[in-house]
Amino acid sequence: MTSTALRTTAALVILVATLSSCGNTIRGLGKDTANTVDATQNAGKRVDRAARN
């Protein structure tokens, strides 16, 4: 393998690893956001029920 091909291959491997890490982070952020929305809705429902009593 020539040094140019080796460099290109190394750069592609690093790029793929970086992008997969970003994908995991974005997926985790989406889950965290969904959990926050659920918690906020549940809190709102509890406040509504308390206000009606």
Side-chain angles (χ1 to χ4, degrees):
M1 224 182 219
T2 65
S3 71
T4 303
L6 187 57
R7 286 183 192 151
T8 303
T9 303
L12 287 174
V13 168
I14 291 169
L15 178 66
V16 168
T18 302
L19 291 176
S20 67
S21 297
C22 290
N24 289 335
T25 301
I26 291 169
R27 190 176 311 117
L29 181 62
K31 288 180 182 179
D32 290 344
T33 302
N35 290 338
T36 301
V37 169
D38 291 341
T40 303
Q41 288 175 342
N42 290 337
K45 289 176 185 176
R46 285 195 305 270
V47 168
D48 185 50
R49 274 187 254 132
R52 290 176 189 227
N53 290 331

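From a predicted model like this one, the values you see are computed outputs, not experimental measurements.
L15 forms part of a hydrophobic cluster together with L19, judged by ILVMFWY side-chain heavy-atom separations under 4.5 Å.
With sequence neighbours excluded, the residues satisfying side-chain contact (heavy atoms from CB on, under 4.5 Å) with R52 are D48. With sequence neighbours excluded, no residue forms a side-chain hydrogen bond (donor to acceptor under 3.5 Å, both in side chains) with R49.
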Could you tabulate the donor-acceptor pairs under 3.5 Å formed by side-chain atoms of residues 40-47, not counting sequence neighbours?
residue: T40; atom: OG1; partner: T36; partner atom: O; Å: 2.8
residue: N42; atom: ND2; partner: D38; partner atom: O; Å: 3.3

Distance-only donor-acceptor hits, side chain of residues 26-34, under 3.5 Å, sequence neighbours excluded:
residue: R27; atom: NH1; partner: N24; partner atom: OD1; Å: 2.9
residue: T33; atom: OG1; partner: L29; partner atom: O; Å: 2.9

